[in-house]
Amino acid sequence: MRPKENIEKFVRVRKPHVTTSRQMDKRTLNDSFAAMEQTIRAKPADHKPSAPRIVTLSRMMKLTAAAAAIIVGISFYIARQGPSEQGITTKFLEVAESPSEIMTMKSLTIAYRRDGIEGIENQCEKALKILGPQPASISLGDLFNGSKS
Amino acid sequence: MVEDKILVWKFNRGSKDALRRIYEKYKDDLLGLAVTLLRDRSLAEDVVHDVFVSFAGTVGTFHLSGTLKGYLSTCVANSARDRNRLRSGRDAGPDVVEGAGSNSDGPMEHAIGREESGQLKDLLARLPYEQREIIVLHLHHEMRFREIAKSLGISINTVQSRYRYGLDKLRSILNSVVTK
């Protein structure tokens, strides 16, 4: 056996066997129980951990919370991007059929993009039907801006 | 240790029996550690008392990552170090370890055991506190160097070198005793 092992064995086998006294046991246990009760009283009666603590302690809950956050984030992003194609169509129809804006540059542009020059003609006819003939004094700018005198 | 895990589980749910069982299971080992480190029985008793009171205060939130014995031994070692610092500069005072309990086997074995333990105690007392602490934690309380390093907040190399220097010094003290 090497010297190091000898000395290690020497120390190991001579471990002191110390025993506690009854007074010490009594004092320590009484004080420990008192500390324990004090801690229990200081906490909520049901000992249920709070929601953030559950999330931080449980690995499964961490993953669930992360997934929920991602879903919420994506939903928010989509909502911020504006209406869907269906929404655009609805808005377009609203613009095209709004009597007050029926002859604006915007409505004419949309009509042109949709059906070309025929679209503009249709739009003008529709405006004429809804609004009736405009007074002769109306300027071209007023007509295009959609303002009514 | 499954038993310790169960005891801790019960303790966290406010079981006084579990706390009492933990105390009964480890009190002698912990007192032995404190006595070896401090060489003063009354101080050692105070250290073990404080450690258990603090431990009891963690009911409901205590989380055991290693072994319970390792955790409690670390607490005792840390508390003993603090006490040792407090009394540094002063003499450690008379050894009153002789008043240790008398629950050993028989009178003869008890006397031999006490003599051998006393011999080791005297030898260890001649080591610097830092070396003594590591030797006792490693050889008597079966803590790994890594655990000791973590609990003391020092590097594992420092722990190993203190252990080696401590053993060397112990050996030279023993040799000088034998040659006398």
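Proteins get letters first, then strands, A, B, ... in listed order; numbering begins at 1 in each.
- Distance check, rounded to the nearest 0.5 Å: OG of A/Ser32 to OH of B/Tyr23 gives 8.0 Å.
- Taking CZ of A/Phe33 as the start and CZ of B/Arg20 as the end, the distance is 4.0 Å to the nearest 0.5 Å.
- Residues B/Phe62 and A/Ile40 fall within the same hydrophobic cluster, defined by Ile, Leu, Val, Met, Phe, Trp and Tyr side chains chained together at heavy-atom separations under 4.5 Å.
- B/Tyr163 is listed as a side-chain neighbour of A/Glu8, based on a closest heavy-atom distance under 4.5 Å.
- Within 6.0 Å of atom CD in A/Glu118, 12 or fewer heavy atoms from other residues, nucleotides or ligands are found, so the atom counts as exposed in its surroundings.
- Counting heavy atoms of neighbouring residues, nucleotides and ligands inside a 6.0 Å radius, atom NZ of B/Lys10 does not exceed 12 of them.
- Crowding of A/Arg12 atom CZ: a count of heavy atoms from other residues, nucleotides or ligands under 6.0 Å exceeding 12.
- Here the CG-CG distance, from B/Leu19 to A/Leu29, works out to 6.5 Å after rounding to the nearest 0.5 Å.
- A/His17 contributes atom NE2, which lies 10.0 Å from atom CG of B/Asp28 (distance to the nearest 0.5 angstrom).
- Checking side-chain atoms of B/His140 against main-chain N and O of A/Val11 turns up a donor-acceptor pair under 3.5 Å.
- Follow the hydrophobic side-chain contacts under 4.5 Å out from B/Leu72 and you never reach B/Ile6; the two are in separate clusters.
- Both A/Leu108 and A/Ile117 belong to a single network of hydrophobic side chains, linked directly or stepwise wherever heavy atoms of I, L, V, M, F, W or Y lie under 4.5 Å apart.
- Proximity to chain A (any heavy atom under 4.5 Å) is shown, for B/Phe52, by both the backbone and the side chain.
- With chain A as partner, the option from B/Ser54, B/Ala44, B/Ala56 having the largest number of non-hydrogen pairs under 4.5 angstrom is B/Ala56.
- For chain A, the nearby part of B/Ile135 is the side chain; its heavy atoms alone come within less than 4.5 Å.
- Look at A/Arg27 and B/Asp46 and you find a salt bridge, because one of the NZ, NE, NH1 or NH2 atoms lies within 4.0 Å of a carboxylate O, short of that distance.
- No single ILVMFWY cluster, assembled from side-chain heavy atoms under 4.5 Å apart, contains both B/Val51 and B/Val53.
- Taking a 6.0 Å sphere around NZ of B/Lys25, one finds it holds more than 12 heavy atoms contributed by other residues, nucleotides or ligands.
- Proximity of A/Ser21 to B/Glu45: side-chain heavy atoms (C-beta onward) are separated by under 4.5 Å at one or more points.
- Residues B/Leu31 and A/Met24 are in side-chain contact: their nearest non-hydrogen atoms beyond the backbone lie under 4.5 Å apart.
- Two different hydrophobic clusters hold B/Tyr165 and B/Leu127 under the rule that ILVMFWY side chains link at heavy-atom gaps under 4.5 Å.
- Between A/Thr39 and B/Thr58, every side-chain heavy-atom pair lies at or beyond the 4.5 Å cut-off.
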**Q.** Stepwise side chain to side chain contact (heavy atoms under 4.5 Å, CB included) check, B/Val59 with A/Glu37
**A.** CA-CA 9 Å; B/Val59 61; A/Glu37 280 169 6; over 6 Å; no
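- When side chains are defined from C-beta on, A/Thr28 does not count as touching B/Lys27, because their heavy atoms never get closer than 4.5 Å.
- When side chains are defined from C-beta on, B/Val48 does not count as touching A/Thr20, because their heavy atoms never get closer than 4.5 Å.
- At a 4.5 Å heavy-atom cutoff, the contact between B/Phe11 and chain A is made by backbone and side-chain atoms alike.
- The distance from atom CG of B/Leu170 to atom CZ of A/Phe10, rounded to the nearest 0.5 Å, is 7.0 Å.
- A/Asp31 and B/His49 form a side-chain donor-acceptor contact under 3.5 Å, judged by distance and modelled atom types alone.
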